Structure formats: C-alpha cells, structure tokens
2 protein chains.
Amino acid sequence: MDETKNTPTGQVPTLADVARTAGVSTATVSRCLNLPDQVTEKTMRRVMEAVDRLGYSPNYSARALAANRTNTIGAIIPTMENAIFARGLQAFQEELHQSGCTLLVASSSYEEDLEEEQIKTLTARGADALLLIGYHRKPRVYEFLEKRKIPTLVAWAFDPEVSRLAVGFNNRAAMHELADLVMGAGHKRIGCISADTVSNDRARERAQGIRDSMSAAGLDPKMLQMVETAYSIENGEMAFHELMAHAEPPTVVMCGNDVLAVGALRAAAAMNLRVPEDVAITGFDDIELASVAPVPLTTVHVPHRRMGQFAAQALLDELNGKKPDSIELPTAIYRRSSF
Amino acid sequence: MDETKNTPTGQVPTLADVARTAGVSTATVSRCLNLPDQVTEKTMRRVMEAVDRLGYSPNYSARALAANRTNTIGAIIPTMENAIFARGLQAFQEELHQSGCTLLVASSSYEEDLEEEQIKTLTARGADALLLIGYHRKPRVYEFLEKRKIPTLVAWAFDPEVSRLAVGFNNRAAMHELADLVMGAGHKRIGCISADTVSNDRARERAQGIRDSMSAAGLDPKMLQMVETAYSIENGEMAFHELMAHAEPPTVVMCGNDVLAVGALRAAAAMNLRVPEDVAITGFDDIELASVAPVPLTTVHVPHRRMGQFAAQALLDELNGKKPDSIELPTAIYRRSSF
DNA sequence: AGGAAAAATGTAAGCGCTTACATTTTTCAT
DNA sequence: ATGAAAAATGTAAGCGCTTACATTTTTCCT
C-alpha cells in the first residue's frame, strides 16, 4: 500500500490529495466545499481547480461520521408498487434535492414489524429525519425515535388531536364528505372495500367516515357491509364479488382507494352490472388510474404533490431548528361517472 | 463533554460502550456482529446481551468508512412518477433486502445531465454498485464508473452487441414483433408516439423495431409518422391529435409506452374515433394501466418483477466476485382490444 | 502431562472528513 | 507607518468502526 505520497495515488482522490495539489491545508479545502464565504476568492479558485483536476468528490460516509449528520432523509412507505405514494414522494424528493438532501426510500409492505425494522435501518444509516405514513405504530417505536432525537413527520394523514408533526389530510372527514353525497343520492345499502383497519389508520379513518355519514343520515352504521383486503386490483375484484353475493347486496360500494375501486369496476363488468346504474362505485386518492378507468371514478382527490412539498419543507425546517406547524391539506371530491 | 466514562453516556451507544458493558474488546464486538462464527458462543451471548441492554445499533457511516463498503446499492431511474419502473424496482429491492443490502433510489427526470449528477452523488454516498436504465450515456460517465470500479448493471434493455452487464429485453425485437402483427393486419399508414429518441435508447430501439417491420413488409420506413414527446397521458393526447391532423392520418398509432397509449386512447375518444375500428392503438410495458384502460391495450408485456430479481442477483454476484452473465428476458405480446 | 497448532481475543492504526483552537495575514483607523 | 481587530488559514484531535497483527487461551496429539 502506498501511504502518503506527495502526488495523489492512483486511488480515489481524497480531500488530502486536493489539499496537497492546491497547496493548502485540509481544513481550507473543507471550508471551500462547505463554507465558501469563509475563504478568499483566490484560494477558492486554486482549490476548485485541484478538485476538477483530480475529479474529487467527497466521501459522504466520512463526512457523516465527522459532522454527525448525513443530509439524508428517510421515507418509509407501505409500498412502491402501486402509484399511491409515487407522486407525493417524487415531489418530496425534488424539494429535498433543492436543499442538497438525499432521499432514502424503504418500503414496509404494509407490515408493522417490517416498518419498525426499516426505521431502525434508516436511522442506523444516519437518516437525519424520517417521513412516515400515517400515525399508527407501536409506542416503543415513537420512544425510540424520541430517544434518538430523529425529527419525524407523519404524512398522508392529519389528526388535530395528535400533537405530532404531520402534513396530511383528514381521511375521516374526506370520506365523510363523499359518503354524504352518496347518502344524499338515496343509497341505503352501503358496501365498503377497505384495507386492513387494524394496523392501517388511514383505512380505519376512511371507513369511520362512512359510518359517520350513515349515522348522520339516520342509517345504522353497523349495517355497513365491509370487506377488508390488501390493496390490489385482484383483491378488489374478489371483494366486490363477495359483497354482491349477499342476499341484499349494496347499491353502492365505497372503496378505500382507487386501486380497489378499479378492481370493483372490473368485477362489475364481469357480472354485467352497469356502473353507476346498477351499482355505484367510489374510490379514494385520485391516482392516474381513477381518471382513465373504464368508468371514470368518482373519488377523493388528494393533493399529493403539495403534500410532498410541504412535508419536505416542514422536515427541513425542523432540522434547521425552526418549529414548523403541522399542515392539514384540503381534499376535494372529484365527481366523475362511477357514482 | 463527557469523554470515556466507564458507563455508557446518555448519548447514542457506540460499539465501545457495548464492549465495555460486555467486558470484551471492541474487536470482539465487531466480530460478533460481522463474523459470528469466529466467536465463542459464550462471548456471543454476553455481547448480545449488552447490545440489547443498551439498544445499540451500528453507525453505518463509521462502518462504511472503516470497511470501505456500504452494503448499499443505488438505482437511478428516469422517473418515479409513473408506474413503469415501480414494480421492477420493488422486486429489485426485495431481493436486495434478503441479502442485507439497502437500496438507494434517485431519479433523473429523463435528463442526461441530471443522471450524471445522480451517479456522482450515489457513488459519493458510497453505493457499492449501481443499477442504471438503458445503455445511453456519455462515455465519460462510463469511464468514471470504471475508474471508481463501481459495478454497474444496465436494466430495461439488452443489446447482445454490448459487453456491459445487463438484465433486460430487446426493445427493438419486441416492438418489431408487435409491429409485424400490425403489418399483418394490413395497416399501411403507421403512426408512432415516442419518447425523445436522442437520449433514450429504449425509445429509439422501439421506434427502430417498427421501421424494421415496415421494411420487411415492403413499406418505406421513412413513411413512419413519428411524434416525440415526454411520457405523460396529456402528452399522449396532444401527440395523437397532432398525428390525426395529417392529410393522411395513420390507421394505427403505435406508442412507445402504455402511458402515451392511454393518452392516445383518450384523445381518440374525444375525437369520437372508435378503437380499434377507426384507429388502432398499441402500447408498451404492460403496466397496470394497460389492462384497465377504457379500451384494454394491446401491448408488449415486460416481465418487470423477474427483471428486478435477476438484476439484483447479478449485481450481488458481481459484488461477491462472481462473474454473472447478462440476461435477456423474453417479452410477450398481450393482445387485448385496442388493436 | 507437555507442547505445537488452532481458535479466540486483544491492541491499535487507520478510514476521510469536520471543526475547535492556534497562528498567520490582511484590513483599517489613527 | 503602526498596531489592534478582523479575516483567512493551518494544526491536529477526533467521529465510530474494521482489521492486520500480536497475544492469550483452548484443543488435541503423542
């Protein structure tokens, strides 16, 4: 091994190589890179020349170790597979990029324990802050995050009751609003295809929104015909068949998200049911799928991009010691043809 | 600051804290964590107890710096926004996770320079290896990668002519096959909506596949009516309108991907054109959208998940010094209703 | 039981960077 | 010109880990 030669070795150049080439100390090089206005213009030029000449780029692990921050923000989303989180995340990452932060994405496959593991992994990898989806997780996870002092933001949900930093929307109220429209149209037998409500608070809140509306309309919320299943088109189809096999099948099927709704749509077509004449169907999220579905979906539009941007901003503020406020974003009903 | 107390400080525990608590050296702790069979069972137990008690988890930056590897693999995809890459990437990451590797995702927005920047960033962040989409990039980028000795794999494309490690499919041949079907149906006026063919080799190859087929069918490939635009439903609509405004509009519009095709479909509907009777439309990729589109799309099915799995496997092999082979995956025409 | 080989453990030198503190250079009012 | 304050730069001590090498302990053959 060649130790500290006077010329850079054939290896990847280090900051020391740059310093040597430019004829300055390592501290000065570091300052050129991180605190440019503490340095003479002339020095800066010399150093930058050396950087270019050697093709130097800093080793982030070393930087992270020395500075005790990584400029990395982690996000753990339930799935990358369908488009629910894609758009928001893209905006989130664009916004972070502007501030020189890198996004580290992990997915939990909607599994609570896997999410916990991923949180551990991302913090071990030095994520300075974390974006998490929804509120529901074990207390010990929140304790861990607090002990480690990792700024954390909850997105895709907003609960005014909880003081935790959040950028999201009120799932319950949004679904309530849509359900009110449904009730207003005279539907009495309501079906719902939802994700698992035990570990998924967004799903739970959405279902609750339907019940709220039923109560308000004088219907017994216990009469809500509910099927829980994982998000996928196929599962949506199966759930729809299950619902329609009842003695008194629902006249409207409100789905926990657009993916399930598209499945329902497809099952309806297979059963020769006209939508919305024979059975109405609604979605949630307003992903691309919703507007191009065979019967364009009536759904709850969620401002994904803005949510991503605001979330990034809030987390960045938090990291800089400002005290950002939680943000509740408005949703809107997009009335298309499926109801 | 409290330096080296005998009991762990109130801070995040370090490996040294664990060593002290367990009454062993730091080297032993490190071995327990990384080379478990070089260590007595008794020692292991003692150390693990200390790990649990302190809630220790290793600092990856320090580990990366010391060991000169990060167990991180980077992927740079053109976009996270539509679903083209989502499924393959999900499979990629699941496979990596099994081997204890973390995936770092960045997106280039289909911009060559941004991709170059992201490559620099990810290597600076210590990605041990890189997944890149397609072959096309500046020679200096490949030189950089080689100089840095970063194992790199090209996915979503496969060119037998190029020796570079790749896991993908032959875009040109796949589109050729679909185009043959189109020619076989007697179409003479062919339109194509494609992504930018200058910097996107997959798009270029796909377009070339159509021309190949035209030549073979005795048509002049120059007659291909081509519109290039960025991938989005809206752009697909606009491009379709442009195509149909010609004096002799095409009788079939072959799209570079499903997203564009859905846009075309929508524009056709707006123009009261029946698909496929008045104009046929084809897609590429077979993303979810394709099967649920108002007119189910005839498209080229790509085995996204398998591609992701194989890519992970190949890259992992490469990292372990094995010499993996490039893999060409078969594609298939999924004939639905749009042609 | 004795000793050489093998296995387990310990010691300590970095990995490439940041940053507190020390030193040198520049600026500027006198 | 002069010296004090301000600005620029340098020195060197780590950050938390891995790992080559040294040392100690265990194993096992005679």
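Numbered from 1 within each chain, the chains take letters A, B, ... in sequence-line order. Only a predicted model underlies this, so the values are computations on that prediction, with no experimental measurement involved.
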Rounded distance in Å - [atom1] ([X]) to [atom2] ([N]):
{"X": "R20(A)", "N": "dT11(D)", "atom1": "CZ", "atom2": "C1'", "answer": "16 Å"}
{"X": "L33(B)", "N": "dG16(D)", "atom1": "CG", "atom2": "P", "answer": "16 Å"}
{"X": "L35(A)", "N": "dT18(C)", "atom1": "CG", "atom2": "C1'", "answer": "9 Å"}
{"X": "L15(B)", "N": "dA12(C)", "atom1": "CG", "atom2": "C1'", "answer": "14 Å"}
{"X": "E41(B)", "N": "dT26(D)", "atom1": "CD", "atom2": "C1'", "answer": "16 Å"}

Return a table of donor-acceptor pairs under 3.5 angstrom between the side chains of residues 29-44 of chain A and protein atoms on other chains or two or more places apart.
unit_1: S30(A); atom_1: OG; unit_2: N34(A); atom_2: ND2; d: 3.4
unit_1: N34(A); atom_1: ND2; unit_2: S30(A); atom_2: O; d: 3.1

With B for base contact, S for sugar-phosphate-only contact and - for none (protein heavy atoms under 4.0 Å), nucleotides 4-9 of chain C reads ----SB

Residues that [X] engages under salt bridge (Lys or Arg N to Asp or Glu O under 4.0 Å), provided they are two or more places apart:
{"X": "R305(B)", "result": "E81(A), E94(B)"}
{"X": "D113(B)", "result": "K138(B)"}
{"X": "R46(B)", "result": "none"}
{"X": "R87(A)", "result": "none"}

Is there side-chain contact between K149(A) and V12(B), with heavy atoms separated by less than 4.5 Å? no

Can you pull the ring pair (Phe, Tyr, Trp, His ring centres under 6.0 Å) pairs that have at least one residue in residues 72-114 of chain A, sequence neighbours excluded? F85(A)-W156(A), Y110(A)-Y231(A)

Could you tell me which nucleotide pairs with dA22(D) by Watson-Crick or G-U wobble geometry, both distances under 3.5 Å, or answer none if nothing does? dT9(C)

Tell me the partner of dC17(D), counting only Watson-Crick (N1-N3 plus N6-O4 or O6-N4) or G-U wobble (N1-O2 and O6-N3) with both under 3.5 Å; none if nothing fits. dG14(C)

Cut-off 3.5 Å, no hydrogens considered: what does the side-chain donor-acceptor table look like for residues 307-323 of chain A, sequence neighbours left out?
unit_1: E318(A); atom_1: OE2; unit_2: K323(A); atom_2: NZ; d: 3.1
unit_1: N320(A); atom_1: ND2; unit_2: L316(A); atom_2: O; d: 3.2

Between residues 58-68 of chain B and DNA chain C, which residues have a heavy-atom gap below 4.0 Å? L65(B), A66(B)

